[in-house]
Amino acid sequence: MTFDDVRKFALLWDEVEDGTSYGTPALKVRKKLLARLREDHDSLVVFGVPHGEREMLVESQPKLFYFTDHYRDYPIVLVRLSKARRAIVEPLLRRHWRTLASKKAVKEYDES
């Protein structure tokens, strides 16, 4: 999987736009970060993952999920895109999208 693969499905959701963050490609919802590509061009920074869930993901699939000291205190997990599948990445991003998107956009998504 690549960032372009992530971009293709995420841009199908209302209010998602291309952007940049720290000089790398990013996806934003109403000017707030949904996800961004790290400088290594293989890791996706996924926001909105609580610490307990992150620990479980890293422990159960350490080749796919990880985090660095920089992200230790934030609800963020890093995903190695070269090892990822859409079935794993999409639900994580969609959940965070639901917290960033307008109530109207979420309602329309749920009704479709």
Side-chain angles (χ1 to χ4, degrees):
M1 172 170 256
T2 66
F3 187 78
D4 284 336
D5 297 325
V6 173
R7 175 186 283 127
K8 284 176 191 171
F9 69 73
L11 287 173
L12 296 174
W13 305 331
D14 286 346
E15 302 177 340
V16 176
E17 298 178 337
D18 274 317
T20 60
S21 177
Y22 297 99
T24 62
L27 296 165
K28 296 182 178 184
V29 178
R30 297 168 42 174
K31 300 187 185 208
K32 295 179 184 168
L33 276 171
L34 175 64
R36 79 171 188 92
L37 188 64
R38 281 193 84 213
E39 294 78 2
D40 66 6
H41 300 286
D42 184 48
S43 299
L44 187 67
V45 181
V46 179
F47 298 84
V49 180
H51 292 100
E53 181 181 356
R54 177 181 71 189
E55 289 176 20
M56 185 271 308
L57 291 170
V58 170
E59 187 176 309
S60 66
Q61 298 178 73
K63 291 181 180 178
L64 177 60
F65 296 105
Y66 72 105
F67 65 97
T68 64
D69 282 341
H70 177 76
Y71 297 109
R72 183 171 305 283
D73 295 330
Y74 301 97
I76 291 172
V77 71
L78 302 173
V79 179
R80 289 182 181 90
L81 288 172
S82 60
K83 303 200 181 302
R85 293 186 335 267
R86 180 176 175 169
I88 291 174
V89 175
E90 185 174 4
L92 290 171
L93 291 182
R94 190 173 46 244
R95 180 178 68 191
H96 190 52
W97 169 81
R98 295 174 73 86
T99 69
L100 301 175
S102 66
K103 289 179 183 179
K104 178 184 177 200
V106 172
K107 182 180 180 191
E108 287 175 0
Y109 177 85
D110 288 345
E111 290 174 351
S112 66

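Any value given below was found using the heavy atoms of this structure, including those in side chains, with hydrogens, waters and symmetry copies removed. Nothing here was measured: the structure is a model prediction, and the numbers come from that model.
- Side-chain contact between Val58 and Glu53 is absent, with no heavy-atom pair separated by less than 4.5 Å.
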>> I'd like to know whether Leu93 forms a side-chain contact (heavy atoms from CB on, under 4.5 Å) with Arg86, so could you lay out the CA-CA distance, the side-chain angles of the two residues, the decisive distance to 0.1 Å, and finally the verdict.
In response: CA-CA 10 Å; Leu93 291 182; Arg86 180 176 175 169; over 6 Å; no

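- Residues Val16 and Val29 meet the side-chain proximity criterion, which asks for heavy atoms closer than 4.5 Å.
- In this structure a side-chain-to-backbone donor-acceptor pair under 3.5 Å is present from Thr24 to Leu37.
- Under the 4.5 Å side-chain criterion, counting only non-hydrogen atoms from C-beta, Leu34 is not in contact with Phe47.
- Scanning both residues, Ser82 and Asp42, for their nearest heavy atoms gives N-OD1, 2.8 Å.
- Within the model, atoms CG of Leu33 and OG of Ser21 stand 4.5 Å from one another, a figure rounded to the nearest 0.5 Å.
- No salt bridge links Glu90 with Arg95; every basic N to acidic carboxylate O contact stays at or beyond 4.0 Å.
- Applying the salt bridge (charged side-chain N to carboxylate O under 4.0 Å, His left out) definition to pairs two or more places apart or across chains, those involving residues 59-80 are Asp69-Arg72.
- A 4.5 Å side-chain heavy-atom check between Arg36 and Leu27 finds every atom pair outside the cut-off.
- Expressed to the nearest 0.5 Å, how far NZ of Lys28 lies from OG1 of Thr20 amounts to 5.5 Å.
- Contact annotation: the side chain of Val79 approaches that of Leu64 to within less than 4.5 Å [non-hydrogen atoms, C-beta and beyond].
- Taken to the nearest 0.5 Å, the CH2 atom of Trp97 stands 7.0 Å off from the OH atom of Tyr109.
- Residues Leu100 and Arg30 fail the side-chain proximity criterion, which asks for heavy atoms closer than 4.5 Å.
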>> If you apply the rule side-chain contact (heavy atoms from CB on, under 4.5 Å), what do you find for Tyr71 with Val45, and how did you get there?
In response: CA-CA 9 Å; Tyr71 297 109; Val45 181; 3.7 Å; yes

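- Dense packing is recorded around CZ of Phe9, with more than 12 heavy atoms of other residues, nucleotides or ligands lying under 6.0 Å away.
- Taking the side chain as every heavy atom from C-beta outward, Val49 and Pro75 never approach each other to under 4.5 Å.
- No hydrogens or angles considered: a donor-acceptor pair under 3.5 Å links the side chains of Ser102 and Glu15.
- Counting all heavy atoms, side chain and backbone alike, Val106 lies closest to Ala101 at CG2-CB, 4.0 Å.
- Across every non-hydrogen atom of Leu44 and Val89, the tightest pair is CD2-CG1, 3.9 Å.
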> Taking it one step at a time, do Met1 and Arg85 satisfy side-chain contact (heavy atoms from CB on, under 4.5 Å)?
Replying inline: CA-CA 6 Å; Met1 172 170 256; Arg85 293 186 335 267; over 6 Å; no

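- Contact record, Ile88 with Phe65: CG2-CZ, 3.5 Å, taken as the closest heavy-atom pair.
- Residue pairs meeting the salt bridge (charged side-chain N to carboxylate O under 4.0 Å, His left out) criterion with at least one partner in residues 18-27, sequence neighbours excluded, are Arg7-Asp18.
- Of all non-hydrogen atoms in Asp14 and Ala105, the two that sit nearest each other are CB-CB, 3.9 Å.
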> Does the pair Thr2 and Leu81 meet the rule for a side-chain contact (heavy atoms from CB on, under 4.5 Å), with working shown?
Replying inline: CA-CA 6 Å; Thr2 66; Leu81 288 172; 5.7 Å; no

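- Side-chain atoms of Arg54 come within 3.5 Å of backbone atoms of Tyr74 as a donor-acceptor pair (strictly under, hydrogens ignored).
- Take Asp40 and apply the salt bridge (charged side-chain N to carboxylate O under 4.0 Å, His left out) test, not counting sequence neighbours, and it matches no residue.
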> Between Asp110 and Arg98, is a salt bridge (charged side-chain N to carboxylate O under 4.0 Å, His left out) present by the stated rule, with each step listed?
Replying inline: CA-CA 10 Å; Asp110 288 345; Arg98 295 174 73 86; 2.7 Å; yes

